Amino acid sequence: MDCIFCKIAAGEIPSKKVYEDEQILAFYDIEPKAPVHVLVIPKQHIAGAAAVTAENAAVVAHIFAAIPQIAAELGVTDFRVVTNNGVDAGQTVHHLHFHILGGARLGEMA
Ligand code: 5GP
Ligand code: ZN
């Protein structure tokens with residue numbers, strides 16, 4: 001599959017890794033929108049939040065269990081977790097990912 005995040009998960013495209021285990025990977029966003037901007041992805045291809053099902057949701061729980069640890073490693077206590085689903089919501093990479101944004105006072109969005 002021609003998916004950039006599958007390639008990053010497979011190590012075919014290099015990334016600056018923050019956390020990795022058998023199921024998930026966290027790495028710095030190439031175009032940071034905040035002083036701290038990391039993406040957390042499942043290694044398995046899930047197209048986005050709309051493709052989460054009862055069958056694959058365990059990896060999403062696993063991501064959220066890892067997020068406090070990742071944030072602590074990044075040195076942020078205050079952070080925002082965002083996922084964009086669909087082009088109109090700003091999704092540009094169609095492999096589920098959660099943005100962790102922090103390191104500054106973030107503007108109000110939601
Ligand atoms: P989206 O817009 O889909 O919510 O987020 C995709 C994010 O992936 C963007 O913030 C973009 O900067 C980041 N990104 C796209 N391609 C690459 C890449 O090759 N490496 C890294 N580290 N980040 C990427
Ligand atoms: Zn993928």
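Remember, predicted model here, so these are calculated numbers, not experimental data.
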Pairs under 3.5 angstrom only: tabulate donor-acceptor contacts from the side chains of residues 22-42 to other protein residues two or more places apart or in another chain.
| from | atom 1 | to | atom 2 | distance (Å) |
| --- | --- | --- | --- | --- |
| D29 | OD1 | E31 | N | 2.8 |
| D29 | OD2 | H37 | NE2 | 3.4 |
| K33 | NZ | E31 | O | 3.1 |
| H37 | ND1 | K33 | N | 2.9 |
| H37 | NE2 | H99 | ND1 | 2.8 |

Next item on the list: Assess the side chains of D21 and H62: does a donor N or O sit below 3.5 Å from an acceptor N or O?
Entry: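 Present: a donor and an acceptor within the cut-off.
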Once salt bridge (charged side-chain N to carboxylate O under 4.0 Å, His left out) is applied, what residue pairs with a partner in [range] remain, sequence neighbours excluded?
range: residues 2-15; answer: D2-K7
range: residues 100-110; answer: none
range: residues 53-70; answer: none

Checklist line | Under the ring-ring contact (aromatic ring centres under 6.0 Å, His included) test, residues paired with F64 that sit two or more places apart | finding: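 Per chain and number, F64 pairs via ring-ring contact (aromatic ring centres under 6.0 Å, His included) with F98.
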Note to self: Just to verify, what does H45 make a ring-ring contact (aromatic ring centres under 6.0 Å, His included) with, not counting sequence neighbours?
What the structure shows: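 Result, ring-ring contact (aromatic ring centres under 6.0 Å, His included) vs H45: H95.
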Enter the distance from [X]:[atom1] to [Y]:[atom2] here, rounded to the nearest 0.5 Å.
X: K43; Y: C6; atom1: NZ; atom2: SG; result: 12.0 Å
X: I13; Y: I8; atom1: CD1; atom2: CD1; result: 5.5 Å
X: E20; Y: I70; atom1: CD; atom2: CD1; result: 11.0 Å

Next item on the list: Just jot down the side chain to side chain contact (heavy atoms under 4.5 Å, CB included) partners of N85, sequence neighbours excluded, or say none.
Entry: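 So N85 forms a side chain to side chain contact (heavy atoms under 4.5 Å, CB included) with A49, A50, Q91.
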Check: side chain to side chain contact (heavy atoms under 4.5 Å, CB included) with T92: which residues, sequence neighbours excluded?
Finding: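 T92 satisfies side chain to side chain contact (heavy atoms under 4.5 Å, CB included) with no residue once adjacent residues are dropped.
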Item checked: Sequence-distant partners of E73, salt bridge (charged side-chain N to carboxylate O under 4.0 Å, His left out), two or more places apart ->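 So E73 forms no salt bridge (charged side-chain N to carboxylate O under 4.0 Å, His left out) with any residue.
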Notebook entry, point to check: Side chains of I67 and F79: closer than 4.5 Å at any heavy-atom pair?
Noted result: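 Yes; the side chains approach each other to less than 4.5 Å.
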Checklist line | Single-linkage hydrophobic cluster F5~V18, side-chain heavy atoms < 4.5 angstrom | finding: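 No.
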Item checked: Cluster overlap V81 with Y19, hydrophobic side-chain contacts below 4.5 Å ->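 Per the 4.5 Å side-chain linkage, V81 and Y19 are co-clustered.
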Note to self: Other members of the hydrophobic cluster containing L101, with the 4.5 Å side-chain heavy-atom rule, please.
What the structure shows: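 Answer for L101: V82, L106.
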Next item on the list: Check A51 against A47 and note the closest heavy-atom contact, atom names and distance.
Entry: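 In this case the closest contact between A51 and A47 is CB-N, 3.9 Å.
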Item checked: Residues which pass side chain to side chain donor-acceptor pair (under 3.5 Å) with Q69, listed by chain and number, not counting sequence neighbours ->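 Testing Q69 for side chain to side chain donor-acceptor pair (under 3.5 Å), a comparison that skips the adjacent residues, returns none.
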Next item on the list: Name all residues meeting the side chain to side chain donor-acceptor pair (under 3.5 Å) criterion together with H94; count only those two or more places apart in sequence or in a different chain, and write none if there are none.
Entry: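 None.
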